[in-house]
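Before any comments, here is the structure.
On a predicted model such as this, the values are computed, not experimentally measured, just so you know.
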Amino acid sequence: MRDCAKLLDGPHRVGRVIARPFTGEAGHFVRTSRRHDYAVDPPKPMLMDALAERKVPVFGIGKIHDIYNGRGVDDYVTTKSNTDGMEN
């Protein structure tokens, strides 16, 4: 993805790409749960920068680590769905 990042930069910068893989045959594709987010660093400063400066631990659930490109997240767990996040 880092090689593709150059294509997403510029005056109309894309902040996040959500890759949703599919499986199946043409006309019968089914989306899988293996989604992945590719993000650029958020603009500075952001709230999580202020928390990090103050040594406030941040725990991310689900896609938060991906959305913020890991910045400001001390620890995290990924989830497969909203239901999975609520149950675990």
Side-chain angles (χ1 to χ4, degrees):
M1 180 63 187
R2 294 295 171 200
D3 294 334
C4 295
K6 293 178 206 168
L7 296 172
L8 305 175
D9 207 357
H12 304 291
R13 184 178 195 190
V14 175
R16 181 170 155 220
V17 173
I18 302 170
R20 294 187 177 270
F22 289 80
T23 186
E25 302 291 325
H28 302 284
F29 289 114
V30 177
R31 192 167 69 191
T32 72
S33 63
R34 297 185 319 270
R35 172 182 146 181
H36 189 79
D37 291 29
Y38 296 95
V40 297
D41 281 332
K44 293 181 181 180
M46 65 171 188
L47 177 60
M48 297 215 288
D49 295 329
L51 294 173
E53 287 174 14
R54 290 166 179 78
K55 308 283 191 248
V56 176
V58 173
F59 186 84
I61 299 172
K63 294 290 178 190
I64 296 303
H65 183 264
D66 292 335
I67 291 170
Y68 290 101
N69 211 21
R71 196 169 100 218
V73 180
D74 298 299
D75 196 10
Y76 66 96
V77 294
T78 57
T79 57
K80 295 180 182 185
S81 65
N82 289 339
T83 302
D84 180 44
M86 296 302 289
E87 290 175 352
N88 295 310

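- In this structure, K55 and P57 approach most closely via the heavy-atom pair O-CD, 3.4 Å.
- Ring-plane geometry between F29 and F22 is classed as perpendicular, the angle between the planes exceeding 60 degrees on a 0 to 90 degree scale with a lower cut at 30.
- Note: the hydrophobic cluster containing I61 does not contain V73 (ILVMFWY, side chain heavy atoms under 4.5 Å, direct or indirect links).
- Counting heavy atoms from C-beta outward, I64 and F59 have side chains that stay 4.5 Å or more apart.
- Considering every non-hydrogen atom in both M48 and R71, the closest pair reads CE-O, 3.5 Å.
- The shortest heavy-atom contact between A39 and I67 is CB-O, 3.5 Å.
- Side-chain contact between D49 and K44 is present, with at least one heavy-atom pair separated by less than 4.5 Å.
- The two atoms that bring D74 and V56 nearest to each other are OD2-O, 3.7 Å, heavy atoms only.
- Taking CZ of R20 as the start and OG1 of T32 as the end, the distance is 9.5 Å to the nearest 0.5 Å.
- In this structure, CG in L47 is found 8.0 Å from OH in Y68, a value given to the nearest 0.5 Å.
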